[in-house]
Amino acid sequence: MQDRKIPGVAVAAIKDGKVIKEGYYGAGNLETNDLIIDSSVFAIASMSKQFTFAAVLLLQQDGKLSNNDKLSKCLDSLPFSWKNITLEQLMNHTSGMRDDWEEPTPYFLIFEA
């Protein structure tokens with residue numbers, strides 16, 4: 001991985017809701033060679049969108065959601081300005097939400113399990 005400059009990875013095998021194997025391999029930062037550990041934070045940017053929207057479409061097939069549903073049906077504590085945003089608008093990038101990468105807030109960088 002180091003010779004080919006391949007970023008590191010954290011992996012877990014989960015069965016019946018329990019972690020049966022986990023491992024941390026390689027560097028999380030190729031410039032500093034900081035090793036990946038159990039508390040490493042990964043900037044995944046937009047990689048999770050495809051999985052989220054596939055889940056929305058599966059829920060739609062089951063009749064549990066509609067593309068026209070408001071985001072507030074799924075999330076109960078949203079900013080007031082988001083109250084009329086629909087799932088379809090999110091999936092089509094037409095919700096009017098701003099790109100937040102330049103915002104001075106760690107909102108999307110904090111995750112607590």
Side-chain angles (χ1 to χ4, degrees):
M1 291 173 75
Q2 188 172 18
D3 291 344
R4 294 182 179 206
K5 299 191 186 310
I6 298 171
V9 63
V11 297
I14 301 171
K15 183 176 182 179
D16 298 325
K18 296 182 187 203
V19 177
I20 58 174
K21 171 72 174 149
E22 64 183 277
Y24 310 96
Y25 308 96
N29 183 326
L30 295 177
E31 294 173 2
T32 63
N33 285 321
D34 293 335
L35 295 179
I36 292 180
I37 59 175
D38 63 345
S39 61
S40 294
V41 175
F42 297 91
I44 62 171
S46 295
M47 291 175 51
S48 60
K49 287 180 188 175
Q50 297 87 337
F51 299 103
T52 302
F53 297 145
V56 168
L57 294 174
L58 289 171
L59 289 168
Q60 182 179 334
Q61 276 184 334
D62 292 344
K64 296 178 180 177
L65 288 178
S66 164
N67 285 350
N68 296 321
D69 285 343
K70 303 276 192 252
L71 182 58
S72 59
K73 179 177 180 176
C74 306
L75 301 171
D76 57 1
S77 59
L78 295 172
F80 180 77
S81 61
W82 296 7
K83 73 175 187 160
N84 290 318
I85 295 174
T86 66
L87 296 175
E88 182 172 12
Q89 288 173 317
L90 285 176
M91 293 193 303
N92 292 323
H93 298 272
T94 58
S95 68
M97 294 177 75
R98 294 179 13 181
D99 185 353
D100 69 332
W101 288 110
E102 301 301 322
E103 296 292 323
T105 175
Y107 179 77
F108 290 103
L109 301 177
I110 297 173
F111 174 80
E112 293 186 28

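Bear in mind that the values here come from a model prediction, so they are computed numbers and not experimental data. Atoms considered below: every heavy atom in the structure, side chains included; atoms not considered: hydrogens, waters and symmetry mates.
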Would L75 and L87 show up in the same hydrophobic cluster when neighbours are defined by side-chain heavy atoms closer than 4.5 Å?
->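 Yes, because L75 and L87 connect within a single hydrophobic cluster, where side-chain heavy atoms sit under 4.5 Å apart.
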Are F51 and L59 connected, step by step, through hydrophobic side chains (Ile, Leu, Val, Met, Phe, Trp, Tyr) whose heavy atoms are closer than 4.5 Å?
->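 Different hydrophobic clusters.
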Taking the side chain as every heavy atom from C-beta outward, state whether C74 and V56 have any pair of such atoms under 4.5 Å apart.
->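 With C-beta onward as the side chain, the pair stays apart.
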Rounded to the nearest 0.5 Å, how far does CG of L71 lie from CG of L78?
->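 Separation between the atoms: 5.0 Å.
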Smallest separation among heavy atoms of A10 and I36, with atom names =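 Scanning both residues completely, I find the closest heavy atoms to be CB-CG2, 4.1 Å.
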Salt bridge (Lys or Arg N to Asp or Glu O under 4.0 Å) contacts touching residues 57-73 (sequence neighbours left out) |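 Every salt bridge (Lys or Arg N to Asp or Glu O under 4.0 Å) pair that includes a residue of residues 57-73, provided the two are not neighbours, is D69-K73.
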Go through the steps for L57 and M91 under the test side-chain contact (heavy atoms from CB on, under 4.5 Å), then give the verdict.
-> CA-CA 10 Å; L57 294 174; M91 293 193 303; 4.3 Å; yes
Let me check something: any side-chain donor-acceptor pairs from residues 16-28 under 3.5 Å, sequence neighbours excluded? List them with distances.
unit_1, atom_1, unit_2, atom_2, d
E22, OE1, Y24, OH, 2.2

Mind checking side chain to side chain contact (heavy atoms under 4.5 Å, CB included) for S95 and listing every partner two or more places apart, or none if nothing turns up?
->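 Only I85, Q89, L90, M97 meet the side chain to side chain contact (heavy atoms under 4.5 Å, CB included) criterion with S95.
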Taking only residues two or more places apart in sequence, or in another chain, which ones meet E88 in a side chain to side chain contact (heavy atoms under 4.5 Å, CB included)?
->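 Residues passing side chain to side chain contact (heavy atoms under 4.5 Å, CB included) with E88: N67, N68, T86, N92.
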Transitive ILVMFWY cluster of L58 at side-chain heavy atoms under 4.5 Å: who else is in it?
->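 Its cluster partners, ordered by chain and number, are none at all.
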Considering residues at least two apart in sequence or located in another chain, which fulfil the side chain to side chain donor-acceptor pair (under 3.5 Å) criterion with T32?
->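 T32 satisfies side chain to side chain donor-acceptor pair (under 3.5 Å) with D34 once adjacent residues are dropped.
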